Each structure stands twice: as C-alpha cells, then as structure tokens.
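Bear in mind the structure is a predicted one, so any value in this text is a computation, not a measurement.
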Amino acid sequence: MFSLRGCGLCVAASLSKKHLPLARFIGDSAAPVAANFDVVVIGGGHAGAEAAAAAARCGSRTLLLTHRVDTIADGSTVHAESVVLTTGTFLRGVIVIGLETHPAGRLGDQPSIGLAQTLEKLGFVVGRLKTGTPPRIAKESVNFSILNKQTPDNPSIPFSFINETVWIKPEDQLPCYLTHTNPRVDEIVLENLHLNSHIKETTRGPRYCPSIESKVLRFPNRLHQVWLEPEGMDSDLIYPQGLSVTLPAELQEKMITCIKGLEKAKMIQPGYGVQYDYLDPRQITPSLETHLVQRLFFAGQINGTTGYEEAAAQGVIAGINASLRVKRKPPFVVSRTEGYIGVLIDDLTTLGTNEPYRMFTSRAEFRLSLRPDNADSRLTFRGYKEVGCVSQQRYERASWMKSSLEEGISVLKSIEFSSSKWKKLIPEASISIGKSLPLRALDVLKYEEVDMKLLAKAIPEPLKKYIKCRELAERLKIEATYESVLFHQQQQINEVQQDEALQLPKDLDYLTLRDVSLSYEVREKLHFSRPETIGAASRIPGVTPAAIINLLRFVKTTQQRQMAMNELPKANQSLCDTESLEERQL
C-alpha cells in the first residue's frame, strides 16, 4: 500500500519497492486525518483528470491531488492501493524567458524536486525534454476584420456516440482567425538568438509543434501560420497557436505587432519555455504500470509525450489499470490493431522516445480501420465487459448501432439489379450501363454521388428506416466505400494478432537465458524494455528478425514442454485409475 502524507511547501516522495509509500500533498482540512483510497492520482491536468475519472467509473474509491499551494500545509496521511503519477512538466521544471530561468512547472507553480529525486533513487532512467507556450493577447486589441475567419462545422459533429447533437449551435460558437508571420518576424528572431537560452539548449523539443525560433531556423524564408484561438467562451484572451516563443518579453511584443491583425495587439502574458524531466517509457508495461514498482503507474508527459489527447489517452488507460490492479484482475491493454491508444503506448513502451512524442495517424499500420466513426465497435464492448468503465446507456447505444449496421449491410447486399436499372433509379450516379453483372445496393452506395438518403429515395422499402439516424446512414456509406480494402486489411490484422497473442513469459531473465541464441546487445534491449509479446519485441530497435525467430522458437518449445509436463500427471493418474479398476475386477 502507498502512504501519502502532506509535507508543507516542499515536495517529498518516498517510494519503496517493498512497502511502496509515497509522500505528497493533501487537502486543506484543519486537523491531520488518515484516509484509505483504492486509487490516488497525483496531478490534475489532462492525464490526471482522465485517470481519476476512469478509476472512479471502474468503481474504485479515488482521490485526485493537484499541485497547488492552496491545497498543501496540514500533515494528513492518505493510504492508496495504487498510485498514478501524472506530473506533466513539473519534475524539476524550469521556466525560461530570454536569458532568465527560474524553477517552475508552469508560470506561477513550483516544480516537483523531491519527487524527481526519489524516482531517480529508485533506479528509474530519467531524461530531459523541453516545450513552450505562446504569449497571451488581449482580444480587444486584435483587428479581426482584416483576417481570414474560420467558422465552425455546420452541422457540428459531437464527440460522444450517445449524443445526436452538440449543446451549442454553430452560430453561437466562437470562430478562429488565421494570420501569418512575415520576413520582419524572421529578422527579430535571428537578430536576437544571443538573448534566447532556451533555443540554444541541446535538450530536445517538440518536432511537430516547434517554437517560432525553431521554425525560422529550420525553415528559413517561409511564412508560418498563426491561428488566433479564443481561450474560452467568457475569456478576454487570445491564444496565438503557432507562435510559441521564449525571447525576452519586450522582443515578444515587438514581434507580435509585426504580424497582420496584431499591429496594435496588447500582450497580457509572455510566452515561455519549460524544461523538465521525463522517465524513459520503456520502463512501463502496456498497462502503464512501472516495472520497478508494482501498483505505480505513469501517464502523460512523464512518459515523454506532448499534446492534450496523448495525455488524456494515457490517463484513461492508467486509471483503468490502477483500478484493476487493486481488484487483482488482469490488465486492460489496447493493441496496435484496436486503437490509436494502443499504437501510442506500444510505440512508447517498445521504442521509447528522445523527443516529445505526438500521435499521428501515419504511425498506425491499419489506420483505415482505426476511424473515429467505428471507435465504439472497437473499444466500447471491451470497456463494458472487461473493465466496467462504460455506462449501460453507452453500451446499449453501441449494441444498437452494431446490430443496425450488420442488418443494414446485409440488406444492402441482398438488393441486386442490373446496371441499367440502377441508372434509371438513380440517374445522378455515374454507373456504367455496359456492365453485365448485377450490382448490389452496397456496390451502388460506393459511388461518390450516392448516399443512403438518395438510395432510400430510389428504394424506400426496406431502406428508408436506415436514414432516420444520421450517424447510421453515414456509417453505412463508410462501410460500403471501404468494403474491399477493409476485408484485406482485416486479414492482415488477423495475421498480426497471431504474433501479438503469443505472450512472452514475464519472468524471463534475458541476460542469463541459455537455451536461445541472442546477442548481448539484444539481451540488453529485451531486459530493459520487457516486451509482453513477440510482436512488441519485434518493434524494439536493434532486435533483429533472426533474434525474433530464435525467441519465437524458444517460447514455443518452452510452452510445448510445459504442456507435456502438465499432461504427465493426468496420464499417470489415468494409468493408476486403470490399474485400480483392473485389480477390483480381478
């Protein structure tokens, strides 16, 4: 069990591999108290909020602790069965503006020094990364009238499958505005590099959302987009996405006013850089539990990622598994073939990262199958049956959609006409009447000009019921469009899953293993990463195909030997039973 105890304004932590205590902040009650929780989540950012919500949905008694001075200074002790660390940029965080640096996890918040030191003492491999944030601008000082306005989607598509519409009308949503940098911005950056210590650091920053200084150096003589985003419905601040900068504040103001639409802009808060510790993610399992300390989970930027979605996705998985660990249930793991969460975690735990990691569709081998529209069919049923973190309402909605899709596809396959008849029914479709073979309605739906509404108009019975739900009609169109390629991709997925399904024994000591031919380099990599499957081992850089074949043979031989040993007592018992029966008969 972990023990978490309030410790004033300093951050202290003690994690023992045997007793697993962890000292940390707790609330602001008047007298010290002791409380027991199933799961304690440390950090209230994107990863922490999702981890706490996921653990609570799983039925665990959950506590979320945030790093704020006003929630520290009372001596309380909290006991936890599992702990999730979501420290963000706070581990030995340092803020940089120009040549000035001061310890902070973000502007106005103290860093976590003691916790970082304790994790190091436990043996965790620690690295250093950097990121940054743009300045904040007063909305009233921006000349939006000369900028490119970007309006929201109409109709807006809700994120949740259980919602038909979003809560706000498109016309009431706030637009964003697009502007660009110019050569004068480049000049200011290049002339003042000597006043920017953050950009000169060898610490790796984000490749895919770099600072304006990095963009000017990496892509000279180019204009760069700057999206002016409102910080909230009731906020007076504008977030200039794409203008992350760590120049001295007065130079930031000078640079901002060179940009179209920002000529009279008022800077409320300067941009700044953050340098922070992260832990090599190869030290965690696919359930996000650490190898070194049982029931300790990491999620978010502590694992070397950057981005809101990346943090939130890890939080969900960490919260679920922290809860399952308390209940002594098997971990919940999403594979690469099931979701982008699986791709992200597999990349981290097998490949590691030396720069802030972002999740892109291009990282997935089967991205045509991993679409937003079918996330419910991929993950909702697992979440409901295996974990219990999915509500009955969401499960019933997913079940209805699954059965409706299957029924709709079956009906569309059953309707067949000649191409000439289809052309008469739907003249808008670019169907060639020279085709001799009959066409299914599912084939006709593949044409770009055809959707379920048009198809149901041509054949009201039995198709009209499938256009009552917009989402169902759209998903039938998608399934029809990708039918053939999805069939072949599913075959590839099945092949990959066969390798993924072959579990590697958790107690393998790769450094001393004798019955398999592996180089010392490969043994070291396997020992450090501790892959759970053959598929995961195959993605570790430096682990050769030959090594994978040898490891595969070893595992299969070991399994066969174990099965034979398990069968031996049964055979001996059967022989004894037979001999006993013969004796009785005599």
Side-chain angles (χ1 to χ4, degrees), residues 157 159 161 286 309-310 313 316-317 332-351 357-386 398-399 401-415 437 439-452 455 466 471-503 531-540 545 548-549 552:
I157 307 298
F159 280 107
F161 287 104
E309 295 86 352
E310 290 81 355
V316 170
I317 299 300
F332 179 79
V333 175
V334 179
S335 77
R336 296 183 72 91
T337 63
E338 290 180 297
Y340 286 106
I341 289 177
V343 176
L344 180 149
I345 293 176
D346 185 64
D347 278 354
L348 291 173
T349 56
T350 59
L351 305 178
Y357 177 100
R358 300 242 35 183
M359 182 69 245
F360 292 102
T361 56
S362 58
R363 297 190 189 273
E365 297 86 346
F366 307 112
R367 51 189 172 273
L368 198 58
S369 301
L370 308 182
R371 308 186 308 271
D373 66 279
N374 68 359
D376 57 345
S377 62
R378 290 183 280 112
L379 298 173
T380 297
F381 298 99
R382 287 196 63 200
Y384 180 81
K385 296 174 182 177
E386 299 176 31
S399 299
M401 181 57 70
K402 181 176 183 291
S403 61
S404 298
L405 270 172
E406 291 173 349
E407 178 189 296
I409 291 171
S410 178
V411 169
L412 289 167
K413 286 180 177 179
S414 69
I415 301 172
L437 293 175
L439 290 176
R440 305 170 302 171
L442 190 69
D443 299 319
V444 175
L445 191 55
K446 295 177 183 179
Y447 285 90
E448 186 178 352
E449 310 88 356
V450 182
D451 57 16
M452 279 301 298
L455 203 57
Y466 298 109
E471 183 189 346
L472 175 59
E474 290 177 353
R475 290 181 67 169
L476 284 170
K477 170 70 175 176
I478 293 170
E479 293 292 336
T481 302
Y482 298 115
E483 181 200 19
S484 57
V485 286
L486 284 175
F487 174 78
H488 293 296
Q489 191 163 100
Q490 188 58 49
Q491 290 181 316
Q492 294 175 324
I493 289 173
N494 293 339
E495 292 175 7
V496 170
Q497 286 177 338
Q498 289 178 0
D499 285 343
E500 293 289 349
L502 185 59
Q503 297 284 322
E532 296 200 350
T533 66
I534 285 289
S538 69
R539 290 186 288 275
I540 299 174
I548 292 297
I549 291 172
L552 184 63

### Message
Side chains of Asp376 and Arg475, heavy atoms from C-beta outward: is any pair under 4.5 Å?
### Response
yes

### Message
Using 0.5 Å steps for rounding, measure from the OG1 atom of Thr361 to the CG atom of Leu368.
### Response
11.0 Å

### Close side-chain approach of Leu442 and Glu483, heavy atoms under 4.5 Å
yes

### Message
Which residues pass the side chain to side chain donor-acceptor pair (under 3.5 Å) test with Arg367, not counting sequence neighbours?
### Response
none

### Query
Any side-chain heavy atom of Ile345 within less than 4.5 Å of one from Val334?
no

### Task
Count the heavy atoms of every other residue, nucleotide or ligand shown that sit under 6.0 Å from CZ of Phe381, and state whether that count exceeds 12.
yes

### Query
Which atom names give the shortest non-hydrogen contact between Gly339 and Arg378, and what distance separates them?
CA-NH1, 3.5 Å

### Message
Please report the interatomic distance CD1(Ile341) to CD(Glu310), rounded to the nearest 0.5 Å.
### Response
11.0 Å

#### Entry: Side-chain heavy atoms of Met401 within contact of Glu471, under 4.5 Å
yes

### Which atom of Leu370 lies closest to which atom of Tyr340, heavy atoms considered
O-CE1, 3.1 Å

### Query
Can you tell me how far CG of Leu455 sits from OH of Tyr447, rounded to the nearest 0.5 angstrom?
12.5 Å

### Message
On a heavy-atom basis, which atom in Thr380 and which in Ala398 lie closest, and how many Å separate them?
### Response
CG2-CB, 3.8 Å

### Query
More than 12 non-hydrogen atoms from neighbouring residues, nucleotides or ligands closer than 6.0 Å to NZ on Lys402, yes or no?
no

## Note on the structure
From the list Thr350, Asp346, Thr533, side chain to side chain donor-acceptor pair (under 3.5 Å) partner of Arg539 resolves to Asp346

### Query
NZ of Lys477 to CG of Leu472: how many Å apart, nearest 0.5 Å?
14.5 Å

### Task
Check whether any side-chain heavy atom of Arg358 sits under 4.5 Å from a side-chain heavy atom of Glu309, and report yes or no.
yes

### Message
With a 4.5 Å cut-off on side-chain heavy atoms, are Arg440 and Leu445 touching?
### Response
no

### Task
Taking the side chain as every heavy atom from C-beta outward, state whether Glu479 and Leu486 have any pair of such atoms under 4.5 Å apart.
yes

### Query
Can you tell me how far OH of Tyr466 sits from OG of Ser404, rounded to the nearest 0.5 angstrom?
7.5 Å

### Message
Using every non-hydrogen atom in the two residues, find where Met359 and Val343 come nearest and quote the distance to one decimal.
### Response
CE-CG1, 3.7 Å

### Query
Which heavy atom of Ser538 sits nearest a heavy atom of Gly535, and at what distance?
OG-O, 2.6 Å

### Query
How far apart are the closest heavy atoms of Pro372 and Phe161, and which atoms are they?
O-CZ, 3.2 Å

### Query
Within a radius of less than 6.0 Å around CD of Glu448, do more than 12 heavy atoms belonging to other residues, nucleotides or ligands occur?
no

### Message
I want to check something: taking the side chain as every heavy atom from C-beta on, are Asn374 and Leu405 in contact at a cut-off of under 4.5 Å?
### Response
no

### Query
Hey, what do you get for CZ (Arg336) to CG (Leu344), rounding to the nearest 0.5 Å?
10.0 Å

